[in-house]
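Predicted model, so just to flag it, every value in this text is computed and none were measured. Order of the sequence lines sets the chain letters (A, B, ...), proteins ahead of strands, with each chain counted from 1. The basis for the numbers below is simple: all heavy atoms, side chains too, and nothing from hydrogens, waters or symmetry mates.
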Amino acid sequence: MSTPVLIEARSIEKRYPNGVLGLKRASLSVQAGEVVVIVGPSGSGKSTLLRTFNGLESITGGEIVVDGHVLHQRSADLRSLRQRVGMVFQQFNLFPHLTVLENLSLAPVKVLKLSAAAADERARALLVKVGLSDKCDCYPSQLSGGQQQRVAIARALAMQPAVMLFDEPTSALDPEMVGEVLEVMKQLATEGMTMCVVTHEMGFARAVADRVIFMDAGEILCEDPPSAFFDAPKHERLKTFLRQIL
Amino acid sequence: MPNSTSRWLWHGLAVAVLAVFGASLYIASKRIDYTWRWERIPQYLISTEGEEQKAPFDGFVAVSEDGKQLSMTALRSSETTSFTDFSRVLVGNGDLVFEGDVLAKKDQLGPGPLLIGLWLTLKISALSLVFALVLGLVVGLGRVSKNPAARDLAAFYVEVIRGTPLLVQIFIVYFFIGTVLQLSAFAAGVVALSVFTGAYVAEIVRAGIEAVPKGQVEAAQSLGLSGFQTMRHVILPQATRRVLPPLAGQSINLIKDSSLVSVMALTDLTKAGREVVSSTFSPFEVWFVVALMYLLLTGVLSIAVRRLEKRFAAQG
């Protein structure tokens with residue numbers, strides 16, 4: 001039995017209204033349980049690609065199917081797709097007017113129609129998992145960046161998604177807080193969560209990824225298992241990139 | 001602490017400047033031929049005038065010795081009547097009075113014309129504020145709507161209302177719309193003020209919504225919240241905090257703008273002031289008192305809003 005493909009993107013293209021091509025014939029498929037890390041220089045379209053997977057970014061060509069939802073059609077039911085796809089942002093984007101617990105239970109109650117008690121229970125369990133069970137009643141502004149990002153991960157998990165998207169989850173953090181967030185992500189990967197991660201953390205990519213993807217100028221230039229990717233880079237531009245960052 | 005000493009010095013300077021300003025006003029008023037009669041003002045705030053007892057027909061009056069009872073015998077018939085419910089008799093025993101003459105008055109504490117005007121100002125402002133907030137919210141949402149028709153209509157409304165003077169709008173509402181729809185002066189006043197203030201509230205609401213970071217919308221949508229749920233649970237609660245100070249300013253403006261409804265047959269605080277001036281011939285005192293009463297209303301409002309802001313600020 002083959003593992004189901006959760007994300008299938010076929011030669012997708014994103015052309016901005018001003019004519020600039022953000023994505024060029026990018027194709028990618030992610031299987032259930034896989035951890036795919038996307039790296040590349042800034043402006044290479046990594047985040048854009050990731051954001052097409054839950055419809056935050058529309059595409060102008062190609063096809064995307066995520067967990068059985070056909071995204072490239074006009075009638076795409078984005079709401080039901082998004083219930084299956086969790087997203088973690090660079091800037092956390094926690095709801096500042098809600099407590100940590102309320103941040104986690106808002107969507108389960110309003111979207112999944114869970115009872116308040118059930119959502120509360122689920123939220124508390126997730127906060128234990130990310131190590132913040134004592135912060136239930138805090139407001140996001142009372143937490144450090146690393147704690148906020150862990151809450152944001154828990155918030156996405158509260159919807160029990162099939163796949164988690166991470167858009168540079170540690171880029172806005174002070175260096176000493178990067179570790180705690182990566183730790184939570186590693187744990188998720190170990191538990192078998194399907195993950196797509198855009199990041200500059202090469203150590204994380206090497207340790208956790210099943211595949212690493214290199215993007216430049218809106219194109220996917222190569223994808224390899226981390227060992228091949230880092231130790232024996234084939235593509236010229238990837239070699240230059242790795243030299244610059246390592 | 002030299003720092004706090006110099007701060008008090010500056011506060012002292014401010015008080016001194018105000019004192020000099022007040023003194024020059026006083027000197028200026030001395031140089032013109034004006035007699036200040038502050039003692040005339042209180043009766044227009046609190047009136048002691050109560051019900052009047054009037055003669056129901058022509059006849060002679062009889063007052064009892066203790067002055068507690070008043071009776072009347074008709075001039076051309078044998079009809080008689082008597083009164084007891086009064087505190088001051090204005091006629092003498094045996095006087096001939098005619099139908100409608102005031103025989104006695106009952107002293108009774110009650111609000112004077114200025115307080116009654118203040119009450120109307122308060123009522124019309126409060127009612128208009130409620131409608132303006134609802135209207136402003138709807139139009140503000142229209143301004144940021146994805147639907148072009150909603151955006152056009154909202155923009156048209158805001159531009160027309162902000163581009164014309166309130167006084168002209170009041171005349172149009174009172175004379176045109178009020179006549180067509182048979183509105184009372186009070187209803188016309190509420191309509192004019194809410195429509196006017198609503199346009200400004202709409203712009204405040206729009207600015208408040210646009211000030212919420214885009215990431216908040218993306219986070220909400222990524223969780224599967226609908227457009228309405230995103231607005232209701234994520235954007236509006238955050239926008240509320242941002243719009244509170246400008247809304248407070250707009251509400252204070254509304255109270256002040258409400259003085260313009262005095263051009264209709266509405267006895268608000270300003271109109272009451274004008275009426276009191278014409279009966280006392282003391283315009284200076286009356287307008288100072290009226291200004292102070294407006295200041296009282298707006299002051300109470302801004303203190304209330306500051307409290308509310310503090311409460312919102314508490315949640316980080």
Review point. Using a cut-off of under 4.5 Å for heavy-atom pairs, which of A:Leu81, A:Thr99, A:Leu112, A:Leu94 has the most such pairs with chain B?
Key: A:Leu94
Point to revise | chain B contact via A:Leu165 - side chain, backbone, both or neither, heavy atoms under 4.5 Å | key: neither
Review point. Is the closest side-chain heavy-atom distance between A:Arg82 and B:Ser222 below 4.5 Å?
Key: no
Practice item. Measure from the side-chain N and O atoms of A:His97 to the backbone N and O of B:His233, and report whether any donor-acceptor pair falls under 3.5 Å. Key: yes
Review point. By a 4.5 Å heavy-atom criterion (distance strictly below it), what part of A:Arg84 contacts chain B: side chain, backbone, both, or neither?
Key: neither
Point to revise | Side chain A:Asn93, main chain B:Gln216, donor-acceptor under 3.5 Å | key: no
Point to revise | B:Phe156, CZ atom: more than 12 neighbouring heavy atoms under 6.0 Å | key: no
Exercise for review: Mind checking the CD-CG spacing from B:Gln238 to A:Leu98? Nearest 0.5 Å is all I need.
Suggested key: 8.0 Å
Review point. For B:Leu225, does its backbone N or O pair with a side-chain atom of A:Gln83 as donor and acceptor, under 3.5 Å?
Key: no
Review point. Going from OG1 on B:Thr230 to CZ on A:Phe95, what distance comes out if it is rounded to the nearest 0.5 angstrom?
Key: 7.5 Å
Point to revise | Heavy-atom contact with chain B under 4.5 Å, split by part of A:Phe89 | key: side chain
Exercise for review: Show your reasoning for whether side-chain contact (heavy atoms from CB on, under 4.5 Å) applies to B:Gln229 and A:Arg79.
Suggested key: CA-CA 12 Å; B:Gln229 289 171 330; A:Arg79 276 197 71 195; 3.2 Å; yes
**Study point:** Qualifying residues under salt bridge (Lys or Arg N to Asp or Glu O under 4.0 Å), relative to A:Arg10, sequence neighbours excluded
**Key:** A:Glu63
Donor-acceptor contacts, no H, no angles, side chain residues 245-261 of chain B, under 3.5 Å, sequence neighbours left out:
residue	atom	partner	partner atom	Å
B:Ser251	OG	B:Leu247	O	2.7
B:Ser258	OG	B:Ile255	O	2.6
B:Ser259	OG	B:Lys256	O	2.9

Practice item. Using a cut-off of 6.0 Å, state whether more than 12 heavy atoms not belonging to B:Glu210 lie near its atom CD. Key: yes
Practice item. Among the options B:Ala219, B:Pro213, B:Pro237, pick out the one with the most heavy-atom pairs lying under 4.5 Å from chain A. Key: B:Ala219
Check your understanding: Does CZ belonging to B:Phe131 count more than 12 external heavy atoms closer than 6.0 Å?
Key -> no
**Study point:** Pick from A:Lys110, A:Gln90, A:Met159, A:Arg51 with the largest number of heavy-atom pairs that fall under 4.5 Å of chain B
**Key:** A:Lys110
Check your understanding: Does a side-chain heavy-atom distance below 4.5 Å link B:Glu218 with A:Met87?
Key -> no
Point to revise | Atom CZ of B:Arg162: over 12 foreign heavy atoms under 6.0 Å | key: yes
Practice item. Please report the C-alpha distance between A:Leu106 and B:Leu223 in whole Å, then the side-chain angles of each, then the deciding distance to 0.1 Å, and finally whether the side-chain contact (heavy atoms from CB on, under 4.5 Å) criterion is met. Key: CA-CA 9 Å; A:Leu106 177 66; B:Leu223 288 166; 5.9 Å; no
